[in-house]
Amino acid sequence: MMMRKKIAEMIREACETCKTKGIIPHEIDIEPIIETPREVEFGDYSTNIAFILAPKLRKNPFEIAEIIISHLNYHDVCKKVEFAGKGFINFFVKDELWRSSLLDIYRYGIDDFLPDIGKGKKVLIEFVSANPTGPLHIGHGRGAVVGDVLANILKSTGYKVVKEYYINDAGKQINTLGESTYLRWKELKGESVDYPKDFYQGVYVKEFAAELIEKNIPVSTERLEAVKQLAEYSGGKVMKGIQEDLEGFGVYFDNYFRESTLFEKGIVDETLELLKSKGLAYEKDEALWFKTGLFENDEDRVLVKSDGEKTYFASDIAYHRHKLERGFELLIDLWGSDHHGYIPRLRASLDAIAGKKDRLKVILIQFVTLLKDGKPVGMSTRAGQFTTLKDVLGEVGKDAARFFFLMRKSDAHLEFDLDLAKKTSNENPVFYVQYANARIESIFRNAEEDGIDTSIFIENEKKRDANINVNLDILTSDEEITLIKGIHQFYDVMEGCARTFEPHRLTFYLIELVGRFHSYYNKTRVLKNEIDTTISRLFLLFMLQKIIQKGLYILGVSAPERM
RNA sequence: GCGCCCAUAGCUCAAUUGGACAGAGCGUUUGACUACGAAUCAAAAGGCUGCAGGUUCGAGUCCUGCUGGGCGCACCA
């Protein structure tokens with residue numbers, strides 16, 4: 001069914017024929033790589049197989065290409081196969097096959113049309129995982145969207161995905177939040193306090209403290225007790241706020257995993273024992289060290305400090321071990337790119353514990369610079385106007401925010417132009433894509449006014465009825481074939497997104513696809529033609545809209561019918 | 001000092017596991033609404049892919065060195 005596979009099969013068959021004729025030795029494996037050429041004049045697909053075989057056969061690529069072409073049985077699929085360049089073989093697929101592929105996608109439905117890459121593999125994708133010590137900022141937002149959309153992509157391509165947020169509720173930072181709240185509380189009680197600089201400065205801490213007093217919530221007179229109590233109190237408050245922010249952003253987690261449970265269930269101790277028993281942890285200077293250097297080019301790292309405290313690294317090893325034990329075959333972590341130095345030791349630990357370092361895939365999220373009036377906005381936790389995710393969301397809306405975060409490779413620095421994101425003009429790519437959907441919707445509304453029953457497409461799809469009464473042979477113009485190819489390309493794009501874990505490819509694809517539509521729209525009239533022509537063009541737009549909507553759905557961006 | 005990432009049109013960025021003549025959008029210039037939504041389209045101009053070598057049939061992509069930027073090098077998280 002997939003065009004690319006058909007081409008690959010053809011090449012393989014031709015090579016097999018060559019093998020039986022003794023032109024190609026039997027021991028050579030044929031793994032044809034099929035590419036989509038950038039230039040239309042090079043056809044729909046091309047292969048470099050002649051280059052690959054050249055050194056093995058001790059012939060020049062030119063000759064090999066000619067031999068392969070002469071053995072290709074392509075007339076069912078291609079109108080033309082050409083030798084070009086220094087050894088490329090270019091395939092020009094028959095237009096009628098493109099047209100009928102549209103019908104294939106229609107019959108299968110988009111979901112089944114998409115490639116099955118994951119084959120049911122269980123993947124845990126952990127992202128955001130911000131400490132519950134303050135509200136989410138714009139950088140977290142980027143991670144949230146990339147993670148969420150990546151999860152959608154993997155789900156659509158055959159993975160079983162669980163989205164998880166790791167809450168660091170056991171460390172020093174959460175304790176500091178408790179201390180901070182405690183001091184603010186005392187402050188409001190009228191005591192004079194010396195508020196340390198390294199305590200949380202945000203206004204939200206004061207708000208929590210004020211609320212304690214307002215609601216008359218009793219605070220323990222014992223300082224340590226009080227700090228512990230307030231850490232929990234404020235931590236819970238912050239976490240609730242974080243969840244609300246994420247929901248406003250359209251990001252929902254399947255699971256929130258608390259670091260403290262690792263300690264409570266003894267998983268951390270168990271993991272440390274495991275490492276010790278394998279001889280991969282040793283004591284030095286009264287601390288316990290992990291032999292990172294045994295596995296990666298990295299220094300040995302401390303697991304238990306000389307004061308008996310376990311490091312964050314220790315619980316993180318336990319956490320990832322626990323992930324594996326929950327049966328996940330692929331662990332995807334999204335981190336801020338400033339944590340890149342942490343990758344080797346975590347990989348090493350997975351290697352040490354299970355010999356499975358390759359199961360870890362870390363995706364780094366580069367920083368975001370907010371631009372306002374063309375100038376960067378400060379990102380400090382002090383009360384700058386647009387520093388929190390919530391502020392940005394309120395400013396530009398969910399759709400624009402999500403889309404903008406996906407317009408860059410995640411490990412590339414992103415400039416987020418607030419003014420541009422707010423614009424409802426052609427400069428804003430979000431609207432460009434949404435507008436296409438609204439336009440198609442509008443065409444269908446007008447079609448109904450013309451008395452054309454467009455519900456037949458939808459009805460038939462539900463029944464998976466193959467006998468839809470559309471004459472696709474009418475779709476012959478370059479623009480129409482190009483559009484159909486664009487629709488077909490969705491498969492390749494999703495495959496690429498899933499293979500490379502790069503959601504931004506989908507964003508670029510949608511912009512490009514929709515561009516083809518706008519161009520077509522301006523050139524070709526859909527309605528008020530001879531009825532068969534109108535119907536077939538409506539069908540093309542129907543399929544196109546399905547792809548646009550599916551794409552937007554995966555991005556978590558709405559597809560409004562009117563704008 | 002050591003390590004990781006980045007450097008592409010005036011600006012912001014793409015470039016299909018190393019593929020063919022490096023592409024979009026914005027901005028600039030010029031055109032298209034008394035026919036389906038002009039939030040659109042058509043066309044033009046714009047480049048030694050930071051610099052210098054190397055590997056290869058082929059390099060923006062891989063290797064080495066240099067320049068300029070970001071980040072990391074804790075018994076922090």
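Predicted, not measured: the structure shown is a model, and the values here were computed from it. Residue numbers start from 1 in every chain, and the chains themselves are labelled A, B, ... in the order their sequence lines are given, proteins ahead of strands. Below, all heavy atoms of this structure are taken into account, side chains as well, without hydrogens, waters or symmetry copies.
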Nucleotide B:C71, atom P - distance to CD of A:Q366 in whole Å: 9 Å
Sugar-phosphate, base or nothing in reach of A:A436, heavy atoms under 4.0 Å: nothing
Pair A:N168-A:Q173, side chain to side chain donor-acceptor pair (under 3.5 Å): steps then yes or no: CA-CA 8 Å; A:N168 302 119; A:Q173 292 195 16; over 6 Å; no
Cationic N near anionic O, under 4.0 Å, A:D300 to A:K291: no
Rounded distance (Å) that lies between atom C1' of B:G72 and atom CD1 of A:I343: 11 Å
A:I365 CD1 to B:G72 C1', straight-line distance once rounded to whole Å: 17 Å
Among B:C73, B:U40, B:C75, the one nearest A:Y435 by side-chain distance: B:U40
Stacked pair A:F51-B:G58, distance under 5.5 Å, angle under 30°: no
Sugar-phosphate, base or nothing in reach of A:A84, heavy atoms under 4.0 Å: base
Under the 3.5 Å Watson-Crick or G-U criterion, the dot-bracket string of RNA chain B, with | for inter-strand pairs: (((((.(..((((.....[...)))).(((((.......))))).....(((((..]....)))))).)))))....
Per A:K172 side chain, nearest of listed nucleotides B:C76, B:C71, B:U40: B:C76
Spacing of the C1' atoms in B:G31 and B:C36 (rounded, Å): 23 Å
A:K523 side chain near B:U40 phosphate (N/O to OP1/OP2, under 4.0 Å): no
Pairwise C1' distance, B:A32 and B:A38 [rounded to whole Å]: 9 Å
Short side-chain N/O contact to B:A38 OP1/OP2 from A:Y521, under 4.0 Å: yes
Base versus backbone protein contacts along nucleotides 11-18 of chain B [heavy-atom cut-off under 4.0 Å; B, S, -]: -SSSSBB-
Residues A:D298, A:R301: salt bridge by 4.0 Å N-O rule: yes
Check ion pair A:R562-A:E441 (N to O, under 4.0 angstrom): no
B:C26 versus B:A22 - spacing of their P atoms, nearest Å: 22 Å
Quiz item: cation-pi between A:K80 and A:F92, 6.0 Å / 45°: yes
Is_stacked (A:Y432, B:A39) at 5.5 Å, 30 deg: no
Separation of atom CD in A:E479 from atom P in B:C41, rounded to whole Å: 14 Å
Rounded distance in Å between the P positions of B:C62 and B:U17: 13 Å
Chi-based syn or anti call at B:C21, which uses purine or pyrimidine torsion atoms and a 90° bound: syn
d(CZ, A:F444; C1', B:G37) in whole Å: 15 Å
N/O (side chain, A:S519) to phosphate O (OP1/OP2, B:A42) under 4.0 Å: yes
Gap in Å between the two P atoms, one belonging to B:U55 and one to B:C13, rounded: 34 Å
Geometric cation-pi criterion, A:R439 with A:Y521: 6.0 Å, 45°: yes
A:F127 ring center near A:Y165 ring center (under 6.0 Å): no
Comparing A:Y520 and A:T47 on RNA chain B - which has the more 5′ nearest nucleotide: A:T47
Set of residues satisfying side-chain hydrogen bond (donor to acceptor under 3.5 Å, both in side chains) with respect to A:Y509, sequence neighbours excluded: none
Distance flag, aromatic centroids of A:F405 and A:H504, threshold under 6.0 Å: no
Electrostatic pair A:D316-A:R345, nearest N-O below 4.0 angstrom: no
Distance-only check: which donor-acceptor pairs under 3.5 Å involve side-chain atoms of residues 49-69 of chain A, not counting sequence neighbours?
unit_1, atom_1, unit_2, atom_2, d
A:N60, OD1, A:F62, N, 3.1
A:N60, OD1, A:E63, N, 3.0

Sugar-phosphate, base or nothing in reach of A:D285, heavy atoms under 4.0 Å: base
Sugar-phosphate, base or nothing in reach of A:S129, heavy atoms under 4.0 Å: nothing
Value in whole Å for how far the P atom of B:A20 lies from OH of A:Y45: 18 Å
Cationic N near anionic O, under 4.0 Å, A:R445 to A:E449: no
Options B:C36, B:C21, B:C76, nucleotide nearest the side-chain atoms of A:E41: B:C21
Minimum-distance nucleotide (side-chain atoms of A:H518 versus B:C36, B:A20, B:U40): B:U40
Nearest-nucleotide pick for A:T311, side chain only, options being B:G37, B:A77, B:C41: B:A77
Syn or anti conformation of B:C33, syn meaning chi within 90° of 0: syn
Lys/Arg N to Asp/Glu carboxylate O, A:R537 vs A:E480, below 4.0 Å: yes
Most 5' of A:I511 and A:V526 on RNA chain B, judged by nearest nucleotide: A:I511
Nearest-Å distance once atom P is located in both B:C5 and B:A45: 38 Å
Centroid under 5.5 Å and tilt under 30°, A:H340 to B:G3: no
Summary of salt bridge (charged side-chain N to carboxylate O under 4.0 Å, His left out) pairs that have at least one residue in residues 517-526 of chain A, sequence neighbours excluded: A:E479-A:K523
Sugar-phosphate, base or nothing in reach of A:D450, heavy atoms under 4.0 Å: nothing
Residues in contact with RNA chain B, drawn from residues 396-405 of chain A - heavy-atom cutoff 4.0 Å: none
Under 3.5 Å donor-acceptor, A:W289 side chain and A:K284 backbone: yes
Out of B:C76, B:A39, B:C75, whichever nucleotide has its closest atom nearest the side chain of A:V302: B:C75
Any donor-acceptor N/O pair under 3.5 Å between B:A20 base and A:N90 side chain: yes
Between C1' of B:A39 and CD1 of A:I440, the distance in whole Å: 15 Å
C1'-based separation of B:U64 from B:G19 [nearest Å]: 24 Å
Salt-bridge contact A:D333-A:K323 (side-chain N to carboxylate O under 4.0 Å): yes
Protein-nucleotide distance (A:R301, atom CZ; B:A77, atom P), rounded to Å: 13 Å
Gap in Å between the two C1' atoms, one belonging to B:A42 and one to B:C4, rounded: 46 Å
